[in-house]
Structure formats: C-alpha cells, structure tokens
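Written out below as structure tokens is the structure these notes cover.
In this chain, numbering begins with 1 at the start of the sequence shown. Computation of the quantities below employed the complete heavy-atom set of this structure, encompassing side-chain atoms and omitting hydrogens, waters and symmetry-equivalent molecules. Both ligands and their constituent atoms are indexed starting at 1 by order of listing.
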Amino acid sequence: MDYKDLADLIFPNAKEISYYEEKYPERNLKEGAVVTRFAPSPTGFVHIGGLYQALVAREMAKKTDGVFFLRVEDTDQKREVENGVTGIVNSLKDFDMAPDEGMISDTEEIGNYGPYKQSLRKDIYEAYAKYLIKQGKAYPCFCTPEEGEEIRKKQEAAKIRPGYYGVWAKCRNLTVEEAAEKIKNGEKYIIRFKSPGREDRKIKHHDVIKGNVDFPENDQDIVIIKADGLPTYHFAHAVDDHLMRTTLVIRSDEWLSSVPLHLQLFHELGFKAPKYAHIAPIMKNDNGNKRKLSKRKDPEAAVSYYKEEGIPSDAVKEYLLNIANSTFENWRRANPEKSMDEFEFNINKMSVSGALFDMVKLLDIGKTVISKMTKEEVYEKSLEWAKEYDGELAEMLENKEYSLRIFGIERGNKKPRKDIAKWSDVKNSIVYMYDDKFLNGDNTYEYAKISDKEEINKILKLYIDKYFDINDDKETWFNKIKDLSEECGYAREVKEFKANPEKWPAHVGDVSTVLRVSLTGRQNTPDMYEIMEVLGKDSVVNRLNKAIR
Ligand code: GLU
C-alpha cells in the first residue's frame with residue numbers, strides 16, 4: 001500500500017486537480033491588473049473594518065482595471081448567523097460597492113471562478129487534499145479532542161509551544177497501513193497538513209502595507225479538513241485564492257502571523273503565492289486608551305449604524321479613504337469639487353498601525369457632502385431615509401414642491417448651507433418651516449441682546465405695519481431692516497456701532513435676531529430673506545403676530 005492507495009481510500013470520488021486547474025485558467029488581464037477580494041464570514045453584522053477592507057480592495061481593482069470579487073467564507077457553520085450573506089451583499093450595495101464578481105444575493109452569483117461560497121466548494125477542497133495525501137504531504141489524524149486536550153496540558157506544564165508539531169504530532173508517523181486499518185475500522189479522523197517547516201529557520205515576508213517582516217517557519221501540522229468535511233480557513237484560503245487567481249490578498253492584520261503557514265501551503269500545493277496587504281484595525285479612543293472598535297461596545301462598529309443614522313454612504317466612504325491615505329485630506333482641500341473617485345489611492349501609503357475613528361470628522365465630511373448635493377438629491381435621499389426610519393419626516397416631505405423650496409435655501413451657491421450632516425438631522429433643520437408645527441406648537445422664544453418684551457413687540461409691530469413687503473428684493477428688504485433699526489433707536493450699521501458702542505443700546509444685527517427668533521424660534525438659521533420668501537406673506541405675518549402675543 002502507498003500514499004496513493006490511502007488517498008483513494010479517503011477520497012474515492014475526488015477529481016484530479018488538473019480538472020480544476022483547467023476549469024479556472026489564469027485570467028486574461030492587462031499587466032499590473034490586481035485581482036482581489038472581500039472574503040467575510042457570515043457570522044455576524046458587517047463591521048465597519050470589513051467595509052474599510054472592501055473599500056481598499058475595490059480601489060485597488062479599480063485603479064488597475066482589475067477584479068474585485070466577493071467570496072463568502074462560511075465554513076464555520078456553527079457560528080453562522082441567519083441572513084448573514086444577505087447582510088453582506090446588501091451592505092456593499094448600500095455603499096455602492098457591489099463586486100465585479102461573486103455573490104450578489106444569498107443564492108446567486110456572477111463570474112466564472114465560482115462557486116463563491118465556500119460551503120459549495122467541498123469537492124474542490126477534497127481534490128486538493130487528496131492531491132496532498134497522494135504526495136505524503138497530508139495525512140489522516142485520529143487523535144480525539146480529548147487527546148488533543150491532553151497534549152495541550154502537557155505542553156503547558158512543560159512551558160513549551162502549544163500545537164500539533166514535531167514529537168507531538170502523533171499521527172504523522174503512522175504507516176499507510178496503520179492509517180488504512182483505522183479507517184476501515186471506522187475510526188473518526190480529520191486531515192492534517194504535514195508541515196515541512198522548522199521553527200529554528202526564518203522566512204522573510206514583504207507585506208504591501210507592513211513592509212518587511214521576518215517570521216520563524218511554520219512547523220505546525222494544521223488541520224486542513226475538519227471532522228465535518230469542510231476545510232479550515234487556512235486551507236480554503238490557499239485553494240480558493242489560487243483557483244480564483246487572486247493576485248493581492250487584502251485582509252485584516254490579525255492574519256499576519258499566519259503568513260508563514262500560508263506561504264508554506266501555497267508552496268507545497270505547487271501554487272504561486274499572492275501578495276499580501278495586512279490592514280490595521282480601526283481604533284477608538286476610550287477615555288485615553290486606544291482600543292479596537294468593538295462589536296459589543298460600539299454601535300458605530302456596525303455598518304448598519306450609518307444607514308440607520310442616515311449618514312450618507314459617500315461621506316462614510318470618503319471618511320474611510322481619509323483614514324486609509326493621509327494624503328487624501330490635502331488632495332480634497334486642493335480639489336474640493338472633484339468626485340472622490342478621482343483620488344489616486346495608494347495602498348503603500350496605508351498606515352502600519354490602526355487609525356483612530358473620529359465621528360466628529362465623519363459628520364463634518366457629511367456636512368460637506370450634503371452641502372454639495374442639489375436640492376432634488378437632498379429631497380430624494382431624505383425621503384428615502386425618512387420612509388424607513390422617521391414617519392413624521394416622511395409626512396413633512398409629502399409636499400414635494402414646498403420641500404424643494406426649503407432645501408433650496410442657501411443651496412447651489414458658492415457657500416452652500418452646511419447645517420445637515422446626516423439625514424436624521426433633516427427634521428430638526430426644517431421643522432420650523434411648517435406652519436402646522438410652528439404656529440400650533442408652543443415655542444420658547446429665546447431672544448438675545450434685545451430681550452425686553454415691550455421693546456420686541458414694538459419692533460415687530462412696526463415691521464409688520466410699515467416695513468414688511470414680501471415682494472421686496474433682498475437689498476430693499478435689508479435696507480428696510482436698517483430703517484427699522486434706526487427708527488427704534490438702534491445703530492443701522494454694525495460697523496458704526498462697533499466704533500461707538502456707547503451710542504446705541506444695540507445694532508441692526510440684534511434687530512434681525514429679534515425677527516429671526518420670532519419667525520423661526522431660533523437664533524441661528526440659514527438666510528432669513530430666503531426663509532421669509534419660502535414661508536410667504538401670510539405665514540410671516542402670522543408668525544410675527546404669534547410672537548407679539
Ligand atoms: N473569512 C476571513 C475573515 O473574515 C477572511 C480573511 C481573508 O480575507 O482572507 O476574517
């Protein structure tokens with residue numbers, strides 16, 4: 001009996017690997033094209049760090065005319081969650097990052113290198129495991145979990161490296177006959193890789209992000225096929241990224257220490273290894289301590305959070321590009337009008353250690369992104385968000401024409417309004433424009449410098465009776481507020497007031513504030529002239545009269 005007989009005994013029906021090698025040929029892409037992927041496990045919600053990796057991968061494929069594909073790594077079926085795949089697919093869609101190839105729903109996929117779901121690739125892994133067994137590079141292991149536990153305890157007591165290697169790798173030395181005998185007796189087994197490595201030798205790895213790193217060689221006989229017949233991450237990674245013709249593996253840096261094992265697997269399988277780029281996790285400042293964004297503690301760790309809050313997906317993407325490449329910020333400053341797609345992403349410039357997540361900055365980007373949208377876009381996107389998350393806002397937006405006029409205030413000009421960072425801000429930023437809410441609500445008018453009730457009433461009455469005309473152009477309108485100020489004994493120009501502050505009790509700006517607070521209930525709003533125009537004559541008069549009362 002030889003290795004081939006043992007391989008046939010274990011996987012009688014597996015195909016020759018030449019079948020798969022031909023079925024999934026080298027891709028015919030132009031020189032330098034990067035084939036890369038996002039390979040999440042459907043074991044929970046999509047983490048913002050996952051989206052970050054996917055964004056980097058997509059940027060790399062895009063800039064080199066390569067391929068970005070989505071592979072679902074569902075070999076840990078105990079940890080799989082319901083709708084996990086749908087969640088992943090939809091998250092990418094929400095951010096306008098649908099892959100070129102791979103899963104496009106829970107059950108459908110596109111592309112010629114599939115299946116893109118690992119649980120559907122069992123026959124492929126078996127073929128490659130058989131191929132290794134045939135060469136004596138993999139073997140069945142009959143150790144029970146209890147035996148494994150015993151080994152671990154002994155190693156711990158002796159204070160030596162844990163794992164299945166060297167003298168501890170009991171089943172590695174079974175003869176083919178002994179192994180075959182056990183199988184025929186119905187003993188349970190898994191398949192292990194027979195590592196040719198030695199711990200006292202070093203390997204050099206050049207990581208696209210981390211640079212040069214030295215590691216000891218791998219000498220662990222890791223499991224490649226588990227008791228449930230599915231592969232481990234390591235084995236599936238080697239087989240899949242080879243057959244899918246990945247050229248650059250972009251993944252979280254928790255996998256960096258597995259590189260020696262992965263290079264060894266590629267080598268023993270006779271595959272050319274891909275390049276690796278290991279991304280540092282996104283960190284959070286927690287009372288002065290830097291820690292990873294945590295699935296349990298931080299709501300913003302979940303990609304769904306951004307959708308629920310209504311933070312525009314473009315703002316999230318732009319923020320992630322910001323933390324990916326520190327040069328992005330300067331580029332954006334120099335090119336405020338360009339689409340972020342024009343930014344030349346550089347993976348070599350990614351930081352080796354984790355960037356700090358900064359919500360303030362993200363919301364600031366949100367404000368800029370929304371300020372550049374047309375009123376129609378703001379309307380459509382707010383409505384879409386409101387329909388899902390805020391029925392009251394959706395109702396307010398039912399009158400499209402009026403909503404567009406509100407969103408048009410201070411928009412489309414050189415210095416557009418920047419008061420909306422996310423769709424969940426919209427209601428608060430427009431609610432006072434609705435008469436049914438404003439006139440019927442009980443407002444607290446918080447006036448500023450001019451706060452005497454009688455004085456305020458005098459100003460408002462005079463404004464309604466003598467100065468207010470909805471048909472005035474902006475200049476006339478403002479001159480009238482100056483006249484009003486003068487008539488009430490205030491400075492008509494701020495500059496004059498500043499030069500002689502003792503001459504008047506307040507100035508035209510303070511009179512404007514009286515009008516603004518009376519009209520809107522707020523001290524800060526976008527342009528008051530435009531607000532009055534949108535409200536219309538009756539509403540303005542009703543509002544001022546309500547303030548007088
Ligand atoms: N399924 C692995 C994970 O979610 C993928 C790592 C990789 O990209 O290779 O961590």
Side-chain angles (χ1 to χ4, degrees), residues 34-61 66-81 84-89 91-92 97 99-103 113-121 124-125 205 207-210 218 222-224 226 228 230-266 269 271 273-282 292-295 301-303 324 347 350 354:
V34 167
V35 179
T36 186
R37 80 296 189 279
F38 178 40
S41 303
T43 49
F45 64 69
V46 182
H47 194 282
I48 186 75
L51 189 76
Y52 180 50
Q53 287 166 35
L55 180 77
V56 170
R58 196 167 153 277
E59 286 290 324
M60 289 307 291
V67 178
F68 165 61
F69 68 84
L70 172 63
R71 179 173 70 227
V72 169
E73 307 216 317
D74 60 343
T75 57
D76 192 350
Q77 302 202 314
K78 284 195 292 290
R79 289 181 54 221
E80 190 158 342
V81 297
V85 182
T86 310
I88 293 165
V89 168
S91 294
L92 290 185
M97 282 169 47
D100 305 317
E101 256 178 37
M103 303 306 297
Y113 289 80
Y116 295 89
K117 209 185 214 183
Q118 289 183 329
S119 56
L120 303 176
R121 300 173 63 79
I124 302 179
Y125 304 121
H205 164 64
D207 194 86
V208 174
I209 295 173
K210 304 276 177 181
N218 172 64
I222 58 119
V223 178
I224 58 175
K226 299 178 292 173
D228 61 5
L230 285 169
T232 52
Y233 165 70
H234 307 294
F235 190 56
H237 155 52
V239 171
D240 292 349
D241 281 313
H242 165 67
L243 287 179
M244 295 176 183
R245 308 293 170 180
T246 304
T247 62
L248 174 62
V249 169
I250 298 169
R251 63 184 180 188
S252 140
D253 69 2
E254 70 191 286
W255 297 111
L256 182 64
S257 60
S258 302
V259 163
L261 163 63
H262 295 165
L263 293 177
Q264 202 174 58
L265 277 170
F266 273 89
L269 282 158
F271 304 157
K275 287 191 177 146
Y276 288 95
H278 286 96
I279 298 188
I282 299 176
K292 279 192 204 179
L293 261 187
S294 132
K295 279 198 168 194
V303 163
I347 197 168
M350 285 188 72

Distances for all N or O pairs of ligand 1 and the protein under 3.5 Å?
{"from": "ligand 1", "atom 1": "1 (N)", "to": "Ala39", "atom 2": "O", "distance (Å)": "2.9"}
{"from": "ligand 1", "atom 1": "1 (N)", "to": "Ser41", "atom 2": "OG", "distance (Å)": "3.0"}
{"from": "ligand 1", "atom 1": "1 (N)", "to": "Glu73", "atom 2": "OE1", "distance (Å)": "2.7"}
{"from": "ligand 1", "atom 1": "8 (O)", "to": "Arg37", "atom 2": "NH1", "distance (Å)": "2.8"}
{"from": "ligand 1", "atom 1": "8 (O)", "to": "Arg37", "atom 2": "NH2", "distance (Å)": "3.4"}
{"from": "ligand 1", "atom 1": "9 (O)", "to": "Arg37", "atom 2": "NH2", "distance (Å)": "2.6"}
{"from": "ligand 1", "atom 1": "9 (O)", "to": "Tyr233", "atom 2": "OH", "distance (Å)": "2.5"}
{"from": "ligand 1", "atom 1": "10 (O)", "to": "Trp255", "atom 2": "NE1", "distance (Å)": "3.2"}

- Which residues share a ring-ring contact (aromatic ring centres under 6.0 Å, His included) with His237, sequence neighbours left out: Tyr233, His262, Phe266, Tyr276
- Query: Are side-chain N/O atoms of Asp240 and Tyr125 paired as donor and acceptor at under 3.5 Å?
  - Reply: yes
- Task: Find the distance between CG (Leu265) and CZ (Phe235) and round it off to the nearest 0.5 Å.
- Result: 7.5 Å
- If we only count heavy atoms from C-beta on, is the Gln53 to Ser252 side-chain gap below 4.5 Å? yes
- Rounded to the nearest 0.5 Å, how far apart are OG1 of Thr247 and NZ of Lys275? 8.0 Å
- Task: Could you tell me whether the side chain of Thr232 and the main chain of Val223 form a donor-acceptor pair under 3.5 Å?
- Result: yes
